[in-house]
Amino acid sequence: MLKLLYTIMVIAAHIFSSILLYKIISNFLVIRKHLFFKLINLIILSLIFSVPILPSDFTNNLYTLVIWIIITIVSYHGSIFKKLSTLMIFYPMVISINLMGFLYFYNNAALRLLIFILLWLAMLKLLGNKLESAFIYITTKELAIIDCICVAPFISIIVITYVTSYKEIQLITISACACLITNIGILLLLSFLSQNAKTVLMAQNNEMLQDYYESLESQQIQIRKLRHDINNYLDSLLTFINSEGKGNAMPYYEKLKEMASFTSVKKFCNNSLLNAVINNKYQLFQTYNIDSSINIDIAENTFINDMDLCALFANSIDNAIEAVQKIEDESQRIIILKARVINNYFSYQIENTKQNRIIAKNNLLKSSKNNSFLHGFGLENIKDIVRTYHGTLDIQYSDNRFTLTIIIDCIQNREISK
């Protein structure tokens, strides 16, 4: 009976340890909706914790790595790059903990698993909130740098289990602890980068909203001035009508019509916040004499966060405006914007004329204009938003045209959000 209880306790400890690790990994990757993927992940993680990792035991180490790679690629959404990056971070940690656990407490599974649980609980407590949506806000370049740092502990823990023996227990312990501490430091670095990028993005969104509100305030001031002018024009118009000077009244009528057109707000879409942003940009089109075509057919509430949607439109339109402003011939200043949801896909395309040369270097695009850094930063924001919603981004350009196209799967994102 005691043996049965002990076995149940050990199995429960394995499951609990796997749940803790699963919760930490969930900050990096989004698991597929079906319950099967969640269960198979918990089972595999439980087995990983139960596999003895010992000195000179390369076989178990290799099997663990291969199985974990396969189950991660199959079970989670996102790019292979992000999935492998997650393994690069957590694999050395798990193997280091297992190696020390089986090295010191091989015959005491309960104590070994208790230590496992306490360690993962401590890491969840230390990193849990800080790592929320860790991969959403950092760029691919930053993640690649993190991977380069992860290579050392990743290779080290594999080599340790391959070349060492029980006689080198101190070396094994020091090396395993070094791998564990290094990767905890990497997680803290990821947290810092993610929070910093999130702060920058929020600042940009707040700046965008501030510009919008300032624009509204400016419009209100102009409207108050126009009311005063309109009253004067109406008084003059009434005088001409009463004096039968109808011909003289026509210029005042045209002026009033122009004022009414100036104070109107266009409706480009049903999303009020996005509509306000586009109206703000549309005024810039008129200011810079840009011939524009805007066709938007999307629902008021979409699976894309309003701030992300506005940031996507605002950044891409700003880039287009900056490009066409450089064209001296105003008749060639053209921006065409299309957005719609059809067949469960959100599609967005913006096309603009240009005359600046585009420099392609290391898969990055830079304009030849003076503020190319800001242009590139806006494009990086767009890429990050597209990555967040697992979409695709395509950029095409010629000597005088630039086209940006985005496609996002609505169904996949609705499953992720559930």
Side-chain angles (χ1 to χ4, degrees), residues 79 81 139-142 144 200-201 204 207-208 211 266 268-269 274 277-298 304 308-342 345-409:
S79 65
F81 177 61
T139 64
T140 302
K141 184 177 180 180
E142 289 171 332
V200 171
L201 186 60
Q204 286 182 328
E207 184 179 349
M208 182 180 65
D211 289 343
K266 293 182 175 293
F268 294 101
C269 63
L274 179 60
V277 170
I278 297 175
N279 264 282
N280 180 266
K281 303 304 178 185
Y282 184 73
Q283 289 181 20
L284 295 177
F285 292 166
Q286 294 178 313
T287 301
Y288 297 119
N289 297 318
I290 299 171
D291 183 14
S292 62
S293 172
I294 302 174
N295 186 359
I296 301 174
D297 182 17
I298 58 176
I304 302 177
D308 288 337
L309 192 64
C310 290
L312 191 153
F313 274 75
N315 278 291
S316 59
I317 294 173
D318 284 343
N319 286 346
I321 291 174
E322 288 175 9
V324 299
Q325 273 184 270
K326 301 297 180 181
I327 301 176
E328 295 180 0
D329 184 357
E330 294 185 353
S331 65
Q332 297 300 315
R333 295 180 177 180
I334 301 170
I335 294 178
I336 302 171
L337 190 153
K338 302 175 186 176
R340 63 177 179 171
V341 176
I342 185 169
Y345 281 90
F346 167 80
S347 65
Y348 174 82
Q349 184 178 84
I350 183 166
E351 179 182 353
N352 61 269
T353 52
K354 71 174 187 69
Q355 68 177 21
N356 282 42
R357 186 168 60 92
I358 292 177
I359 303 168
K361 185 177 181 180
N362 297 328
N363 293 325
L364 296 176
L365 298 180
K366 290 187 177 181
S367 170
S368 59
K369 63 187 181 185
N370 293 333
N371 59 342
S372 62
F373 172 77
L374 294 178
H375 178 88
F377 194 62
L379 189 57
E380 282 301 310
N381 286 341
I382 294 170
K383 289 180 179 179
D384 287 340
I385 293 170
V386 173
R387 280 194 291 264
T388 299
Y389 295 95
H390 311 288
T392 59
L393 183 147
D394 179 66
I395 294 174
Q396 301 289 334
Y397 57 90
S398 62
D399 290 340
N400 55 10
R401 290 270 173 172
F402 183 93
T403 305
L404 181 147
T405 306
I406 295 169
I407 304 292
I408 297 176
D409 186 342

[X] atom [atom1], over 12 foreign heavy atoms within 6.0 Å:
X: Phe81; atom1: CZ; result: yes
X: Asp399; atom1: CG; result: no
X: Gln286; atom1: CD; result: yes
X: Arg401; atom1: CZ; result: yes

Looking at [X] and [Y], what are the two nearest heavy atoms and their distance?
X: Ile406; Y: Ile408; value: CG2-CG1, 3.9 Å
X: Val386; Y: Leu393; value: CG2-CD1, 4.0 Å
X: Leu309; Y: Leu274; value: CD2-CD2, 3.8 Å
X: Ser316; Y: Ile350; value: O-CD1, 3.8 Å

Side chains of [X] and [Y], heavy atoms from C-beta outward: is any pair under 4.5 Å?
X: Tyr288; Y: Val324; result: no
X: Leu379; Y: Leu404; result: yes
X: Leu284; Y: Lys281; result: yes
X: Thr140; Y: Arg387; result: yes

Distance from [X] atom [atom1] to [Y] atom [atom2], nearest 0.5 Å?
X: Ile385; Y: Ile304; atom1: CD1; atom2: CD1; result: 9.0 Å
X: Lys338; Y: Gln349; atom1: NZ; atom2: CD; result: 5.5 Å
X: Gln355; Y: Arg333; atom1: CD; atom2: CZ; result: 9.0 Å
X: Lys354; Y: Ile334; atom1: NZ; atom2: CD1; result: 14.0 Å
X: Asn352; Y: Ile327; atom1: CG; atom2: CD1; result: 7.5 Å
X: Phe402; Y: Gln396; atom1: CZ; atom2: CD; result: 9.5 Å

| message | Apply side chain to side chain contact (heavy atoms under 4.5 Å, CB included) to residues Asp409 and Tyr345 and explain how you reach the verdict. | response | CA-CA 5 Å; Asp409 186 342; Tyr345 281 90; 3.8 Å; yes
| task | For a ring-ring contact (aromatic ring centres under 6.0 Å, His included) with Phe313, tell me which candidate from Tyr348, Phe268, Tyr282 qualifies. | result | Tyr348
